[in-house]
Amino acid sequence: MRALLCFMTFAILVATTSPADAAGCKDRRGRPRVKVRAKTPLRRGPGLNYGVARFLEKARCAPFSEVSIDEKWVLVELDRSFGWVPVARLTKLSRKKLARTGTTGPVGSGQARGTARLFRQSVLLERPDAESPVRRVLPEGLRVLPLAVTREGDWIQVRDERGDIGWVKSADLVGDSLARLPQTDAPRLRRRGD
């Protein structure tokens, strides 16, 4: 009786375990796929401050396209919609796959230039001008992709983890890639009293 019960339990486990669960997520049509360990929210952006679009069920595989600049979020596709899941919620095999692919950052080909880090909270401005409208506040420690620098060197154009482009004070950034930036013909800075 005990042998029959063990055999039935084994048969049920084999029948309910998909090949993807047993061997990890297999790539399909050349697209790499990752799997979540538990039910996971699919967010509209790479961070907890973004809304939840839907949930991925436990052990669900999904194709991914990129990893956020801070390497904590991965962009996946689920039933023709896209969203971000935390890398920490992926299976161990999926995290290893991410490390091998090197698909980082939503910023595209400029990734080869490297990123810079904000060493204090800063504002992302529309133009290189202290009086310019603020696009958003960037937190201390955020990694951004530097794109260009003004001729005076006071302002640097950056792309953040959301893909927003704007200007920050060069004094707020640190990184080796800042020395090799192209100069831009951005409008001259306005100073108070000018």
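Residues satisfying the salt bridge (Lys or Arg N to Asp or Glu O under 4.0 Å) criterion with Glu77, sequence neighbours excluded, are Arg31. For Ser170, the side chain to side chain donor-acceptor pair (under 3.5 Å) test picks out no residue, with sequence neighbours left out. For Arg136, the side chain to side chain contact (heavy atoms under 4.5 Å, CB included) partners are Tyr50, Leu124, Leu138, Pro139, Leu142, Asp160, Glu161, Arg162, Asp164, not counting sequence neighbours. Gln121 is linked by a side chain to side chain donor-acceptor pair (under 3.5 Å) to nothing, counting only residues two or more places apart in sequence or in another chain. Residues that satisfy the salt bridge (Lys or Arg N to Asp or Glu O under 4.0 Å) test with Arg151, not counting sequence neighbours, are Asp185. Partners of Arg43 according to the side chain to side chain donor-acceptor pair (under 3.5 Å) rule, which considers only residues two or more places apart in sequence or in another chain, do not exist here. Looking at residues two or more places apart in sequence or on another chain, you find no side chain to side chain donor-acceptor pair (under 3.5 Å) involving Arg95. Listed by chain and number, the residues in a salt bridge (Lys or Arg N to Asp or Glu O under 4.0 Å) with Arg135 amount to none (sequence neighbours excluded). Considering only residues two or more places apart in sequence or on other chains, Arg120 meets the side chain to side chain contact (heavy atoms under 4.5 Å, CB included) condition with Ala171, Asp172. Residues forming a side chain to side chain contact (heavy atoms under 4.5 Å, CB included) with Lys72 (at least two apart in sequence, or on another chain): Asp70.
In this structure, the side chain of Lys97 engages the main chain of Arg33 through a donor-acceptor pair within 3.5 Å. Put simply, the side chain of Ser132 never gets that close to the backbone of Leu125: no donor and acceptor are under 3.5 Å apart. In this structure, the side chain of Arg37 engages the main chain of Leu90 through a donor-acceptor pair within 3.5 Å.
Pro128 is not listed as a side-chain neighbour of Glu152, based on a closest heavy-atom distance of 4.5 Å or more. Pro86 places a side-chain heavy atom less than 4.5 Å from the side chain of Thr40. In this structure the side chain of Leu42 reaches within 4.5 angstrom of the side chain of Leu78, judged on heavy atoms.
When Thr150, Leu145, Leu147 are each tested for a side-chain contact (heavy atoms from CB on, under 4.5 Å) with Gln157, only one passes: Leu147.
In this structure, CZ in Arg89 is found 10.0 Å from CG in Leu56, a value given to the nearest 0.5 Å. One distance of note links CH2 of Trp167 with OG of Ser122; it measures 13.0 Å at 0.5 Å rounding.
Scanning all heavy atoms of the two residues, the minimum distance from Ala116 to Leu173 falls at CB-CD2, 4.1 Å. What you find for Val168 and Val158 is that their closest heavy atoms are CG2-CG1, 4.0 Å.
No path of Ile, Leu, Val, Met, Phe, Trp and Tyr side chains, each step under 4.5 Å between heavy atoms, connects Trp84 with Phe55, placing them in separate hydrophobic clusters. The cluster map of Ile, Leu, Val, Met, Phe, Trp and Tyr, joined by side-chain heavy atoms under 4.5 Å apart, puts Val137 and Trp155 in the same cluster. Val52 and Leu48 fall into different hydrophobic clusters, where Ile, Leu, Val, Met, Phe, Trp and Tyr residues are linked whenever their side-chain heavy atoms come under 4.5 Å apart, directly or through other members.
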I'd like to know whether Leu98 forms a side-chain contact (heavy atoms from CB on, under 4.5 Å) with Phe64, so could you lay out the CA-CA distance, the side-chain angles of the two residues, the decisive distance to 0.1 Å, and finally the verdict.
CA-CA 9 Å; Leu98 287 179; Phe64 79 94; 3.4 Å; yes
Given Val149 and Gln183, is the side-chain contact (heavy atoms from CB on, under 4.5 Å) satisfied, shown in steps?
CA-CA 5 Å; Val149 62; Gln183 289 187 348; 4.0 Å; yes
